[in-house]
Amino acid sequence: MGILDKIEAAGVVGCGGAGFPTCKKLQGGMEYLIVNGAECEPLLRTDRFLMLNEAPRLVRTIAALGAEVGAAHCVIAVKRHYREEIAALRQAIEAACAAIAIHELESFYPAGDEVTVVYEVTGRVVPPAGLPISVGAVVDNVATIYAISQAMEDIPFTHKYLTVTGEVRRPVILRVPVGTRYRDCLELAGGVLRESCSVVTGGPMMGRPMSMEETENAVVTKTTSGILVLPPEGPYARGGGMDLTGMFRRARAACIQCSLCSQLCPRHMLGHPLEPHRIMRKAAVSGDIRELLNDADIQRAQLCCECGVCETYACPMGLQPRQINRAIKAELAAAGIRCRIPSDAAWEASACRVYRKAPSDRIAARAGVWKYSGYEIRELLEGAPERVEIPVKMHIGAPAVPVVAPGDRVSAGQLIARVPEEALGAPVHASIGGRVESVGRRIVIIGE
Ligand code: SF4
Ligand code: SF4
């Protein structure tokens, strides 16, 4: 079996984003294989942990994968100030005599955005709404490379590394079976320090704030990168659940059309025709998104990567361009409208881009998490829960189809849900051995 077949059989999906099946991404040839080690969200430490502690394994995997897919260049992109991680990687590269370059990034947000990292490494702009492969690049993050390394040893993707930090007794890196409940993760981190708090899944900039009820029901998936426990009020709470009408009302009353949201937008700086200030102007005047779906500026909301720079860092009035873009994107998708992009245009980054990158420290401060950003998190704890609830959909594409039934006994690593015929997806494996309690959108296994 070739490496790509092994990756497919192991159910590896991108750990850093929406969970695109990795084997599909690696098909079709590429010039650059870029390994994204920027981990630019404040507070997350998982990829840094892996680079520091698993450098030889990562390097071996990148070299083998690069040879398999015929990449002319294998590059690890990592922030310049991750000195220890860079030293560990360089040592491993030297020991393996591997043809892998390290590209040192400045410390800015969102350095780890796929389109941004491709530009930083290759100098090529991925066209608006395009994929990195259109300029000859494929990007996988460090945690995905780790999962690939296991797939190469025929070990399915059943365990996840994640950061648990913030208002917990013991900020920590966890390695837990997929399907572990968040509440078990929080217990492993010594418990929550405050009675009232906000839990964010992912990073404070792009992660999703959850209610306590949601947290009770949440489980670790293949794409979970972190669990943050934060004070109840902060920018990460995304306006405390303000509805769209409220956001429009505030935009109408307070948007001063300073255009800072556009000037600092990382996608706009790469030459993409996305201008959030124009979207804000039109949305504020109309107040009803559905009336605006044929407007070219509004349609360009589809080019937004939802990094949050505009609302957390740029806007002096505390408005929510990112959330308005997200709502517009949902309406456009429901109406089946795609933003029209000229296919023959040449895309060029702005000459000002170099001066307009958002420094990581400032982002941590504006995101309201500065207090936690200096935590040294080096400890690894292994979780061994008695019960897991494994979702059948943890990836882009169709949900996996269960091949087990309640009462079945399964061993760790056994296939429990397969990809439907002819569909995009990823298989799912038992992350612990035990008895299947129930099968539905989640397969619940009780350990024995
Ligand atoms: S969230 Fe804001 S800054 Fe980020 S890409 Fe979208 S419009 Fe630009
Ligand atoms: S930065 Fe804020 S105030 Fe300025 S144009 Fe954008 S949304 Fe309006």
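Each ligand, and each atom within it, is numbered from 1 in the order the structure gives.
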Closer than 2.8 Å to atom 8 (Fe) of ligand 1: does that hold for any N, O or S atom in Cys265?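 Yes.
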
Within ligand 2, which atoms have a heavy atom of Met317 less than 4.0 Å away?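 Ligand 2 atoms under the 4.0 Å threshold to Met317: 3 (S).
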
Under 4.0 Å, heavy atoms only, figure out whether ligand 1 is touched by the backbone of Leu303, its side chain, both or neither.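 It is neither; nothing of Leu303 touches ligand 1.
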
For ligand 1, indicate whether the residue Pro276 contacts it via side chain, backbone, both or neither (heavy-atom separation under 4.0 Å).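 Side chain only.
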
Polar side-chain atom of Glu331 near backbone of Leu293 as donor-acceptor pair, under 3.5 Å: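 Pair absent, no side-chain N/O of Glu331 close to backbone of Leu293.
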
Answer with yes or no whether the side chains of Glu167 and Tyr372 bring together a donor and an acceptor at under 3.5 Å.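 Yes.
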
Between Gln302 and Arg338, a side-chain donor and acceptor under 3.5 Å: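 Their side chains do not contain a donor-acceptor pair, so the 3.5 Å distance test is not met.
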
Under 2.8 Å from atom 2 (Fe) of ligand 2, is there any N, O or S atom belonging to Cys258?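 No N, O or S atom of Cys258 is closer than 2.8 Å to atom 2 (Fe) of ligand 2, so no.
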
Is ligand 2 less than 4.0 angstrom away from at least one heavy atom of Pro316?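 Distance cut 4.0 Å: Pro316 passes for ligand 2.
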
So, 4.0 Å and heavy atoms of Ala314: is ligand 2 close enough to count as a contact?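 No, Ala314 has no heavy atoms under 4.0 Å from ligand 2.
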
Who gets closest to atom 2 (Fe) of ligand 1 by heavy atom: Ala301, Cys310, Pro110?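 Of the listed residues, Cys310 has the closest heavy atom.
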
Measure from atom 7 (S) of ligand 1 to every heavy atom in Asn325, Val115, Thr312 and give the option owning the shortest one.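 The residue whose heavy atom sits nearest atom 7 (S) of ligand 1 is Asn325.
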
Looking only at protein heavy atoms, which one is nearest to atom 8 (Fe) of ligand 2, and what is the separation?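 So the nearest neighbour among protein heavy atoms is Cys255 SG, 2.3 Å.
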
What residue and heavy atom of the protein are closest to atom 3 (S) of ligand 2, and at what distance?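 Of every protein heavy atom, Ile256 N, 3.5 Å lies nearest to atom 3 (S) of ligand 2.
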
Taking all atoms of both residues into account, what is the closest heavy-atom pair of Lys160 and Lys222, and its distance?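 Heavy-atom minimum between the residues: CE-O, 2.8 Å.
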
List the atom of His81, the atom of Ser107, and the distance in Å for their closest heavy-atom pair.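 Between these two residues, the closest heavy atoms are CE1-OG, 3.1 Å.
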
To the nearest 0.5 Å, what is the distance between CE on Met205 and OG1 on Thr312?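 Going from CE on Met205 over to OG1 on Thr312, the span is 4.0 Å.
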
Atom pair OG (Ser360) and CZ (Phe108), whose distance is rounded to the nearest 0.5 Å: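 Answer for the OG-CZ pair, Ser360 versus Phe108, is 8.0 Å.
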
Under 4.0 Å from a heavy atom of Pro266: give me the atoms of ligand 1 that qualify, with their elements.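 Matching atoms, with element in brackets: 3 (S).
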
Pair Glu311-Gln323, side-chain contact (heavy atoms from CB on, under 4.5 Å): steps then yes or no: CA-CA 9 Å; Glu311 63 189 33; Gln323 287 177 75; 3.4 Å; yes

Taking N, O or S atoms only and a limit of 2.8 Å, check whether Cys261 reaches atom 6 (Fe) of ligand 2.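 Checking atom 6 (Fe) of ligand 2 against Cys261, an N, O or S atom does fall under 2.8 Å.
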
